[in-house]
There are 2 protein chains.
Amino acid sequence: MEPMTTVSVDEPAGQDRKAPGRPRNAQADQAIIQAVFDLLSSGQSADAVSIEAVAARAGVGKATIYRRWPNKEALLVDAVATMKGPLPEPVGESVRDDLIMLISAMRNKRMEHYGKVTMCLLPEIAKSPEMRRIYQGVIEPRRDVMRGVLRRGITSGELRADLDVELTLLMLSGPTAMQNMMHWNPQVPDDNFAERLVDAILRGAGA
Amino acid sequence: MEPMTTVSVDEPAGQDRKAPGRPRNAQADQAIIQAVFDLLSSGQSADAVSIEAVAARAGVGKATIYRRWPNKEALLVDAVATMKGPLPEPVGESVRDDLIMLISAMRNKRMEHYGKVTMCLLPEIAKSPEMRRIYQGVIEPRRDVMRGVLRRGITSGELRADLDVELTLLMLSGPTAMQNMMHWNPQVPDDNFAERLVDAILRGAGA
DNA sequence: ACAATACGATACGAGTCTGTTCCGTATCGA
DNA sequence: TCGATACGGAACAGACTCGTATCGTATTGT
């Protein structure tokens with residue numbers, strides 16, 4: 001907030017910071033974040049994930065965590081932010097293939113793990129505006145990619161001209177998210193899920 | 001762990017139980033359950049809902065709660081069980097109308113309140129098998145009703161003969177649940193949601 | 001009147017969690 | 001070698017929660 005009156009040692013672009021003393025163990029950062037994911041995906045609610053448990057799971061001391069994050073919320077926020085992987089890029093040949101690829105990208109091994117994590121984080125997301133902002137930052141770019149595919153399909157004539165793009169986005173991501181997070185309908189098999197969902201949406205249920 | 005000498009909660013057919021002493025305040029039971037819902041829907045995770053907070057919110061003493069439920073989990077289980085309202089019954093004239101009615105039934109004022117509650121309960125449902133069993137008991141009968149409507153539509157010819165019923169159930173309830181719980185896609189308006197979703201599924205997105 | 005029970009309020013013990021502080025040790029630059 | 005910092009481990013105070021117990025009071029049947 002207020003500027004430092006003492007000699008501020010704001011790090012310049014140069015990475016070769018003075019850094020006297022022992023440098024931090026970069027491995028510890030990864031281990032701590034990974035421990036958060038492990039605990040969350042093993043059925044603990046976000047509230048139930050204690051710093052002590054994270055430290056024990058990561059094999060570090062509590063002080064090592066508090067040296068990096070000021071409190072538990074900051075740690076959780078950072079963990080959510082790292083869920084953001086590389087953006088998938090549609091090929092652009094066929095709308096059907098692009099949609100199948102995008103849905104599949106939500107269901108690879110990494111995301112399968114994140115599904116349970118996300119479910120346990122939902123109360124946090126509902127409660128903390130900061131957390132909601134971070135989470136939106138993960139979701140919205142991906143939704144934008146899919147939105148572009150649908151718009152392109154409309155102009156190319158592959159999709160109905162009067163298609164409701166936003167509703168279709170919901171029809172694609174909603175069932176996918178519910179299955180990822182909680183196997184909402186256990187009767188729907190995982191095999192070829194993306195292909196079957198996209199085809200069902202494209203063709204419709206009417207006779 | 002002495003046996004309860006007091007009146008068991010579920011009264012047998014004979015209502016005029018002996019009941020010496022002051023009778024229980026039936027209003028308190030409702031107030032306690034309602035307090036649980038209020039706290040859950042105001043962004044508290046299930047773990048964060050403390051008995052003391054429930055007592056304060058309901059305007060009762062802690063002892064009044066522990067006189068009715070043995071522990072916190074039993075209270076939450078009972079709260080989830082009371083989310084089960086009357087089963088909606090399809091009219092049976094048109095599949096489209098029945099589906100719209102069923103989706104709308106998930107989105108009335110009571111369910112809108114329950115959406116946030118359910119989201120905050122998801123970690124509990126994921127963790128506790130008992131809670132999951134109760135929750136399934138609420139969901140499954142409703143899914144069965146919708147399943148019946150779809151099957152009838154196939155035999156009547158209103159729906160494609162090769163329709164994947166389970167996938168279609170997921171396509172109906174998945175987007176609805178995501179919108180109810182967290183307004184997953186804020187761009188999709190609430191007005192006529194059920195009608196627009198059902199029509200989109202029936203007609204399909206293809207040109 | 002009297003026993004029996006429920007009520008709201010409060011206090012309590014046992015346990016857990018957060019966030020801080022110290023320890024002895026390990027690892028860096030100078 | 002020396003100062004500075006990080007490390008894992010442990011202890012700690014303060015706060016919170018659960019579940020029980022105990023107040024004084026209110027409300028019932030007998």
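Because the structure is predicted, anything quoted here is derived from the model rather than measured. No hydrogens, no waters, no symmetry mates; every other heavy atom, side chains included, goes into these values. In what follows, chains carry the letters A, B, and so on, assigned in the order in which the sequence lines appear, proteins first and then strands, with residues in each chain numbered from 1.
Going from atom CG of A:Asn71 over to atom P of D:dA15 covers 18 Å, rounded to whole Å. Rounded to an integer number of Å, the gap from NZ of B:Lys62 to P of D:dG19 is 9 Å. Distance CD1 (A:Ile65) to C1' (D:dG8): 12 Å, rounded to an integer number of Å. One interatomic measurement links the two molecules: CG of B:Leu75 to P of D:dT17, which rounds to 15 Å at whole-angstrom precision. As rounded to whole Å, 13 Å separates atom P of C:dT27 from atom CD of A:Gln27. One interatomic measurement links the two molecules: NZ of A:Lys72 to C1' of C:dT20, which rounds to 17 Å at whole-angstrom precision. Separating the CD1 atom of A:Ile51 from the C1' atom of D:dA11 is a distance of 18 Å, rounded to the nearest angstrom. Taking atom CD on B:Glu73 and atom P on D:dT17, their separation rounds to 19 Å, with Å as the unit.
Counting non-hydrogen atoms under 4.0 angstrom, A:Val49 reaches the backbone sugars and phosphates but no base. Heavy atoms of B:Ala63 sit under 4.0 angstrom from at least one base atom.
Remark: A:Arg196 does not engage A:Asp199 in a salt bridge, criterion side-chain N to carboxylate O under 4.0 Å. Electrostatic pairing of A:Glu140 and A:Arg147 counts as a salt bridge here, judged by a charged N lying under 4.0 Å from a carboxylate O. Residues A:Asp78 and A:Arg68 are not paired through a salt bridge, judged by the lack of any N-O separation under 4.0 Å between the basic side chain and the carboxylate. A salt bridge links A:Arg107 to A:Asp190: at least one charged side-chain nitrogen sits closer than 4.0 Å to a carboxylate oxygen.
Between B:Phe37 and B:His113, the ring-plane angle classifies as perpendicular under the 30° and 60° cut-offs.
A:Arg68 has a side-chain polar atom (N or O) that falls below the 4.0 Å cut-off from OP1 or OP2 of D:dC7. Listed pair B:Arg24 / C:dA4 fails the phosphate criterion, with no side-chain N or O lying under 4.0 Å from OP1 or OP2.
Between A:Tyr66 and B:Glu52, the residue anchored closer to the 5' end of DNA chain C is B:Glu52, taking for each the nucleotide with the nearest heavy atom.
Remark: the B:Arg22 side chain and the D:dA26 base include a donor-acceptor N/O pair separated by less than 3.5 Å.
Rounding to the nearest 0.5 Å places CG of B:Asn185 at 8.5 Å from CG of A:Leu167. Atom CE of A:Met83 sits about 7.0 Å away from atom CG of A:Leu121, to the nearest 0.5 Å.
For the helix from C:dA1-D:dT30 to C:dA30-D:dT1, the end axes, each set by the C1' atoms of five terminal pairs, are bent relative to each other by 20° (nearest 10°).
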